[in-house]
Chemist: 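Below you will find the structure I want to go over with you.
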Amino acid sequence: MDGLFATRMHNTQKSFIREILKVTLNPDVISFAGGLPNPRFFPVREINEAANKVLAESGENSLQYSTTEGYLPLREFIARRYQKRGLQVDADEIMITNGSQQGLDLAGKVFLNKHDPMVLERPGYLGAIQAFSMFEPQFHSVPLLEDGPDLAYLETELKKTSAKLMYIVPNFQNPSGITHSLAIRKELAVITDRYNTVVVEDDPYGELRFMGQELPPIKRFRKGVHILLGSFSKIVAPGMRLGWICTSSDIMEKLIIAKQAADLHSNFFSQRVVHQYLCDNEIDDYIAKIRAGYRNQRDCMVAMIEKYLPEEITSTKPEGGMFIWATLPPGMSSLELFDQAAAQNVAFVPGTPFYIDGGGSSTLRLNYSNSDEEKIEEGMKRLGSCARKLMAHGN
Ligand code: PMP
């Protein structure tokens, strides 16, 4: 098979998470591994009604080809929502994509040549590492501290590498649950402007804040090239595969060309149905329900971590989103803990795949949005006992 595949495929690992998800297909497994929203909150009846209405009122049109930018009324809806949050954005500055994941691919296509240096957070979102790997950049990572990236480190890295692009998830990051503070957001904008870095701000979780104060997108503080990604996956349903890119019209021109080449446009029927759903339902009421549900699940997991895990294991306490990040005592391997836990029918994601430099061997990601409180308690009880056994054996 040597020489059959393009070189870019050599550097792109099969997602480790997909491999782990295979373990979790067993219905007896309590899984904190996936990153799935809670399906209990999917608006099945409302989407059914919206789909019927779209078909009845504009059937032929909704099944036709459409524009690359996406359905204008849906883009206007997104722009208005940003305006309410203090971002002056016009519908021309929004393009609909197949989830925010496609935004990552298109940003890579438009900005990255092979070997271009780029920066991301350490740990970083695995799907972004995968998407950007396709363009064979030179990855550099900046450690995440409690309230965002280490900015002194970032500045040194930008000075040293002249990185062209920086990728960040400022709200309830996947995998760590960490949020960039207001001060970090402002300073990060200044630093990236100073070095003319293109910033890709990925924000699929921003609306899932269940405690603390809402913070403005970093876009608000930037002067340079900025790509803000959003998604309906966590606030409506991921199966609709709809997200968006928000950027200035000069940059949008290039992204439209890349999108056209990739797929002409995103599923138009899906866009029409989600738009109809948004017209007929109060999305904020729906988001409030998701937030309340995730808050309960998060509170339960935090309490069960305190009750069952050895105190040497530290963890984040996110104010929103879907993930908690845990750190084992030095020298203890989360891969070994994974093997022990899998034997007890409990799964999580060991931290190493989130590090582009092979670090993170004693870290792990726990998802709480897709398990009920009973499962969270039972899972943490089993995980605690596996961790104690490993610690007793000197790992
Ligand atoms: N970015 C981040 C940080 C994510 O966690 C996810 C979903 N796991 C995505 C992008 C992709 O989401 P989607 O394509 O469904 O919008």
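One-based numbering, in listed order, for ligands and for the atoms of each. When a residue number appears, it is its place in the shown sequence, counting from 1.
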Chemist: State whether Tyr153 and Arg122 meet the cation-pi test: NZ (Lys) or CZ (Arg) under 6.0 Å from the six-membered ring centroid, and within 45° of the perpendicular axis.
Modeler: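 Yes, a cation-pi geometry holds between Arg122 and Tyr153.
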Chemist: Ignoring hydrogens, what is the shortest heavy-atom contact between Ile129 and Phe354? Give both atom names and the distance.
Modeler: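 Looks like CD1-O, 3.9 Å.
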Chemist: Whether the Tyr167 and Glu121 side chains hold a donor-acceptor pair (N or O, under 3.5 Å, no angle test) is what I'd like checked.
Modeler: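 No.
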Chemist: Give me the atom names and distance for the closest heavy-atom approach of Tyr368 to Pro318.
Modeler: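 Where Tyr368 meets Pro318 most closely, the heavy atoms are OH-CG, 3.7 Å.
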Chemist: Salt bridge or not between Lys160 and Glu155? Use side-chain N to carboxylate O under 4.0 Å.
Modeler: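 Judged by the 4.0 Å cut-off on N to carboxylate O distance, Lys160 and Glu155 do not form a salt bridge.
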Chemist: Note every protein N or O atom lying under 3.5 Å from an N or O atom of ligand 1, pairing the names and giving the distance.
Modeler:
{"unit_1": "ligand 1", "atom_1": "1 (N)", "unit_2": "Asp202", "atom_2": "OD2", "d": "2.5"}
{"unit_1": "ligand 1", "atom_1": "5 (O)", "unit_2": "Asn174", "atom_2": "ND2", "d": "2.9"}
{"unit_1": "ligand 1", "atom_1": "5 (O)", "unit_2": "Tyr205", "atom_2": "OH", "d": "2.5"}
{"unit_1": "ligand 1", "atom_1": "12 (O)", "unit_2": "Ser100", "atom_2": "OG", "d": "3.4"}
{"unit_1": "ligand 1", "atom_1": "14 (O)", "unit_2": "Ser100", "atom_2": "N", "d": "3.1"}
{"unit_1": "ligand 1", "atom_1": "14 (O)", "unit_2": "Gln101", "atom_2": "N", "d": "3.0"}
{"unit_1": "ligand 1", "atom_1": "14 (O)", "unit_2": "Arg241", "atom_2": "NH2", "d": "2.8"}
{"unit_1": "ligand 1", "atom_1": "15 (O)", "unit_2": "Ser233", "atom_2": "OG", "d": "2.6"}
{"unit_1": "ligand 1", "atom_1": "15 (O)", "unit_2": "Arg241", "atom_2": "NH1", "d": "2.8"}
{"unit_1": "ligand 1", "atom_1": "16 (O)", "unit_2": "Ser100", "atom_2": "N", "d": "2.8"}
{"unit_1": "ligand 1", "atom_1": "16 (O)", "unit_2": "Ser100", "atom_2": "OG", "d": "2.8"}
{"unit_1": "ligand 1", "atom_1": "16 (O)", "unit_2": "Ser231", "atom_2": "OG", "d": "2.6"}
{"unit_1": "ligand 1", "atom_1": "16 (O)", "unit_2": "Ser233", "atom_2": "OG", "d": "3.4"}

Chemist: Using a distance-only test with no angle check, is there a side-chain donor-acceptor pair under 3.5 angstrom linking Ser266 and Asn98?
Modeler: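 Yes.
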